[in-house]
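Position 1 is the first residue of the sequence, and the numbers go up from there. What you see is a predicted model; the values in this text were computed from it and never measured.
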Amino acid sequence: VMGYDTQSQMFGRQCRARPNSPLMKVYRGIQKYIQMGIPKKKMVLGVPWYGYKYPCINLVNRTCTIQQDIVDMERRSLSGTHWDHNSQTLYFELVENGISYQVWFDNPTSLSIKYQVSGGMDLGGIGFWTGNYLDYSNSSMVQQMWSAVPNFNNQQNTL
């Protein structure tokens, strides 16, 4: 189950920076597959190991109106990282060369919540897109990301 790239800038919506993998949208998607009769153990929840960097036309009250999305995880910010309670994901804002950006991403904390949902719903496992986007020269970050991945053979259902 692709639990990432869940928003679209198409179909007449105003283009805005948004989370890539909002928890409730992912949960409702899994529920729909279950209602369709797909066996839970045959489902693997796919989660993002990347973020989107949205260039803003206008940045007012933490709302970023965008032109296009750029797949580029960047973890520096002038505003600090913010936790979005609705989506259970993180974002930050930055300015580069006079252009304002919002960057939405998942980290071990937000991913752990999705992993718990997968285990709590008794799915077959989790997967991610994409492990090679990690900066493997940063051993601390790599260790944090990989250690958040549950062992489904021994996982307790927590939800």
So do the side chains of Asn86 and Met24 get within less than 4.5 Å of each other, counting heavy atoms only? no

With a 3.5 Å distance limit and no angle check, can you tell me whether Lys114 reaches the backbone of Ser21 through a side-chain donor-acceptor pair? yes

Could you state the interatomic distance from OH (Tyr33) to CE (Met43), rounded to the nearest 0.5 Å? 9.0 Å

Heavy-atom pair with the smallest gap, counting every atom of Ala148 and Tyr115: O-CD1, 3.1 Å

side-chain hydrogen bond (donor to acceptor under 3.5 Å, both in side chains) with Ser140: which residues, sequence neighbours excluded? Gln144

Qualifying residues under salt bridge (Lys or Arg N to Asp or Glu O under 4.0 Å), relative to Lys42, sequence neighbours excluded: none

What's the verdict on side chain to side chain contact (heavy atoms under 4.5 Å, CB included) for Ile30 and Leu123, showing C-alpha distance, side-chain angles and the deciding distance? CA-CA 9 Å; Ile30 294 168; Leu123 301 184; 3.8 Å; yes

Determine, stepwise, if the pair Tyr27 / Met121 fulfils side chain to side chain contact (heavy atoms under 4.5 Å, CB included). CA-CA 9 Å; Tyr27 179 81; Met121 295 180 83; 3.6 Å; yes

Gap between atom OG1 of Thr89 and atom CG of Asn20 - 0.5 Å precision: 8.5 Å

How far does CZ of Arg28 sit from CD of Gln35, to the nearest 0.5 angstrom? 12.0 Å

At what distance, to the nearest 0.5 angstrom, does OH of Tyr91 lie from CZ of Arg18? 13.5 Å

When clusters are formed by joining ILVMFWY residues with side-chain heavy atoms under 4.5 Å apart, either directly or through shared neighbours, do Val47 and Val142 land in the same one? yes

Taking the six-membered ring for Trp, are Tyr4 and Trp129 parallel (under 30°), tilted (30 to 60°) or perpendicular (over 60°)? parallel

Are Val44 and Met145 connected, step by step, through hydrophobic side chains (Ile, Leu, Val, Met, Phe, Trp, Tyr) whose heavy atoms are closer than 4.5 Å? no

Between Ile99 and Val103, is there shared hydrophobic-cluster membership here, with clusters defined by ILVMFWY side-chain heavy atoms closer than 4.5 Å? yes

Heavy-atom closest pair, residues Ile126 and Phe128: CD1-CD2, 4.4 Å

Decide if the gap between the ring center of Phe105 and the ring center of Phe92 is smaller than 6.0 angstrom. yes

For a quick test of reading the model, state the closest non-hydrogen atom pair linking Trp83 to Gln88 and the distance between them. CH2-O, 3.4 Å

Looking only at heavy atoms, what is the nearest atom pair of Pro48 and Gly3, with distance? CD-O, 4.1 Å

Spacing of OG1 belonging to Thr81 relative to CG belonging to Leu90, to within rounding of 0.5 Å: 6.5 Å

